[in-house]
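Atom set for the values below is all heavy atoms of this structure, side chains included, hydrogens, waters and symmetry mates excluded. Numbered from 1 within each chain, the chains take letters A, B, ... in sequence-line order.
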Protein chains: 4
Amino acid sequence: MSKPSVLKIKVVTGDIRPIFKQIIDGIRLEIATEKLSPGSKLPSYRGLAMQLMINPNTVAKAYAELSKQGLIESKKGLGLFVSENRQSLSDDEREQKLAKAVTVFINETVHLNYSDDEIVEVIKNKLKEIKTT
Amino acid sequence: MSKPSVLKIKVVTGDIRPIFKQIIDGIRLEIATEKLSPGSKLPSYRGLAMQLMINPNTVAKAYAELSKQGLIESKKGLGLFVSENRQSLSDDEREQKLAKAVTVFINETVHLNYSDDEIVEVIKNKLKEIKTT
Amino acid sequence: MSKPSVLKIKVVTGDIRPIFKQIIDGIRLEIATEKLSPGSKLPSYRGLAMQLMINPNTVAKAYAELSKQGLIESKKGLGLFVSENRQSLSDDEREQKLAKAVTVFINETVHLNYSDDEIVEVIKNKLKEIKTT
Amino acid sequence: MSKPSVLKIKVVTGDIRPIFKQIIDGIRLEIATEKLSPGSKLPSYRGLAMQLMINPNTVAKAYAELSKQGLIESKKGLGLFVSENRQSLSDDEREQKLAKAVTVFINETVHLNYSDDEIVEVIKNKLKEIKTT
DNA sequence: GTGGTCTAGACCACT
DNA sequence: GTGGTCTAGACCACA
């Protein structure tokens, strides 16, 4: 299985996130939902750059970040692969990241005067949507 | 009622948000939770800048943004006031903003492998926390 | 104390390490030996780049890495500062890093046929040298 | 004694070192610890490549490097052999290599805030471990 | 002025 | 061919 997986990542310039962040989020999602299984090969810098019509260095930056997080591993001259034993974040880190995201989210939404139930509803739908895509 | 309300906003440099964003969020929250009622006067640029120990330009930027959103209005020579009819956003806009915030939030959280229920739980708690503060 | 500290970092192209790594190591060392105290301001991208006669982006890469490690914090528009509460690495991580470095070191040296004592001697001297510089 | 020694080298892709470096280190270690004696025959390019399941070019690169260092010699038509007089490095070179390795090692470790004694301890243990394996 | 992102193109190391 | 480093220069957001 030396062919790289084809990533279904989309990158849009209109997004708030910088492009390299979109790539990171996209791949992290694929890995988390196991559409990208441990050991599988990722597209090359240049390949993904061409597919997404962006600069290879932007891809490199995203891959470097994922590499440092231990989610993917590089084998020089061979390519990049999803880590076998993806060393998951410590519980502390996970909690902190979640708390941070929640705070940001709340800051962005409270003033919109939605009820708690409405907000929760929208989130649940989005979660389902992602997992079934 | 010409005395400006004293805002209980806090601004911290360690925050992920830029300072002007923290001010916007703070004031929006005060208005949404009706601690700041329609028609009440806001502190002056200089006054708030001194209170928060930040650059007046930063306050100006925040006020400008809030004005653009229609949440506050300037009455020439008198100062800035909370708008009387504060439901300035159309339903469409509200929905869009919520959807956008949800998407950002999900992007930051899915890969953490929390269950849907756990995520919803944390959000509910945070919402309660804010409204009782 | 808004003046940035002057870093005594040296960067040499002959080094095995890439330049951005040399910067990281240099600053980490300054922080570890407390020549660079928490809260103090670092030189700007452009300033350090000029001082070291390298490209600002190379400095940016080093600073970004240190930022992500939590050793330094950026305050947009103000500059970069040594973190107050430098969240130290967990004991596990420290041990792993040490073990890794030791393995690399041994691989590089065993075949030189030095006695254990000689090797230890050289290391001790180097350690002293650094701490008194 | 025309049969080549069977090298007990292991090569892992997860290693920080490139594969050809692992081979070099492995053989150098075998020679230094005299498990591989002067004059003994080394496995062929193809043989070692098959044994380690790697690209023959990678083995070639490792052998070329070892030849350049004078640790092994090729006898045309016969194969590769461990050099008879294996103290090929001058004292100067040995010192330089040691100093370089120490510097790299220190750069990786100082910021971990281990005491000198702890560091020395770990190294001593590792040295013992290797020599008794 | 500050930090940070993106592009373009060159060059090196590894397999 | 692969990953990775470095340079150059443009552009944006923030204070």
* Asked: Where the side chain of A:Ser74 is defined as all heavy atoms beyond and including C-beta, which of E:dT15, F:dG3, E:dC6 is the nearest nucleotide?
  -> F:dG3
* Structure fact -> The answer to which of A:Leu78 and C:Leu78 contacts DNA chain F further toward the 5' end, by nearest nucleotide, is A:Leu78
* To do: Nearest whole angstrom, please: distance from the P of F:dC14 to the CD of B:Gln22.
  => 12 Å
* To do: Using a 4.0 Å heavy-atom cut-off across all strands, classify D:Ile19 as base, sugar-phosphate, or nothing.
  => sugar-phosphate
* Structure fact -> C:Ser74 and C:Ser67 have their tightest heavy-atom pair at N-OG, 4.4 Å
* Asked: Nearest-Å distance, CZ (D:Arg17) to P (F:dG3)?
  -> 22 Å
* Looking at side-chain heavy atoms only, is the closest gap between A:Arg28 and A:Leu71 below 4.5 Å? -> yes
* salt bridge (Lys or Arg N to Asp or Glu O under 4.0 Å) between C:Lys21 and D:Glu108, worked out -> CA-CA 10 Å; C:Lys21 187 74 193 327; D:Glu108 284 313 310; 2.7 Å; yes
* To do: Heavy atoms only: give me the nearest B:Ile9-B:Gln51 pair and the separation to one decimal.
  => O-NE2, 4.5 Å
Do any N or O atoms of the protein come closer than 3.5 Å to N or O atoms of nucleotides 9-11 of chain F, and which pairs are they?
| unit_1 | atom_1 | unit_2 | atom_2 | d |
| --- | --- | --- | --- | --- |
| F:dG9 | O6 | C:Asn57 | ND2 | 2.5 |

* Asked: DNA chain F: B:Phe20 or A:Gly79, which has the more 5' nearest nucleotide?
  -> A:Gly79
* Among D:Leu42, D:Val82, D:Asp25, D:Leu36, which residue meets the side-chain contact (heavy atoms from CB on, under 4.5 Å) test with D:Glu30? -> D:Leu36
* If you check every side-chain atom of C:Thr58, which of F:dT7, E:dT15, F:dA15 has the closest atom? -> F:dT7
* Asked: Reckon A:Tyr63 touches a base, only the sugar-phosphate, or nothing at all at heavy-atom distances under 4.0 Å?
  -> nothing
* **Heavy-atom side-chain contact between A:Arg46 and A:Met50 under 4.5 Å** => no
* **Atom pair distance, as rounded to whole Å: CD in D:Glu65 and C1' in E:dC14** => 14 Å
* Quick one: A:Lys76 NZ to F:dT5 C1', roughly how many Å, whole number? -> 9 Å
* Asked: Is the side chain of A:Thr58 donor-acceptor paired with the backbone N or O of A:Phe20 at a distance under 3.5 Å, no angle test?
  -> no
* Measure from the side-chain heavy atoms of A:Ile54 and tell me the nearest of E:dG4, F:dG4, E:dT7. => E:dT7
* For atom CD1 of C:Ile23 and atom C1' of F:dT7, their distance in whole Å -> 13 Å
* Asked: How is A:Leu80 classified with respect to the nucleic acid when contacts are heavy atoms under 4.0 Å: base, sugar-phosphate, or nothing?
  -> sugar-phosphate
* Structure fact -> C:Glu73 CD to F:dC14 C1', in whole Å, measures 17 Å
* Structure fact -> Rounded to whole Å, the NZ-C1' distance (A:Lys21 to E:dG4) equals 14 Å
* **Between F:dT7 (C1') and C:Met50 (CE): distance, integer Å** => 17 Å
* Asked: Are any of the side-chain heavy atoms of A:Leu52 and A:Ile23 separated by less than 4.5 Å?
  -> yes
* Presence of A:Tyr45 side-chain N/O under 4.0 Å of F:dG4 phosphate oxygens OP1/OP2 -> yes
* Most 5' of C:Ala64 and A:Met53 on DNA chain E, judged by nearest nucleotide -> C:Ala64
* Residues that D:Tyr63 engages under ring pair (Phe, Tyr, Trp, His ring centres under 6.0 Å), provided they are two or more places apart -> D:Tyr45
* Asked: At under 4.0 Å between heavy atoms, what does A:Lys61 touch on the DNA or RNA strands: base, sugar-phosphate, or nothing?
  -> sugar-phosphate
* Asked: Name the stems with DNA chain E in them: runs of three or more consecutive Watson-Crick or G-U pairs, distances under 3.5 Å?
  -> E:1-14 with F:1-14
* Quick one: closest heavy-atom pair of D:Ser44 and D:Gly47, and the distance? => OG-N, 2.9 Å
* Structure fact -> DNA chain E nearest-nucleotide lookup for C:Gly77 and C:Ser67: closer to the 5′ end is C:Gly77
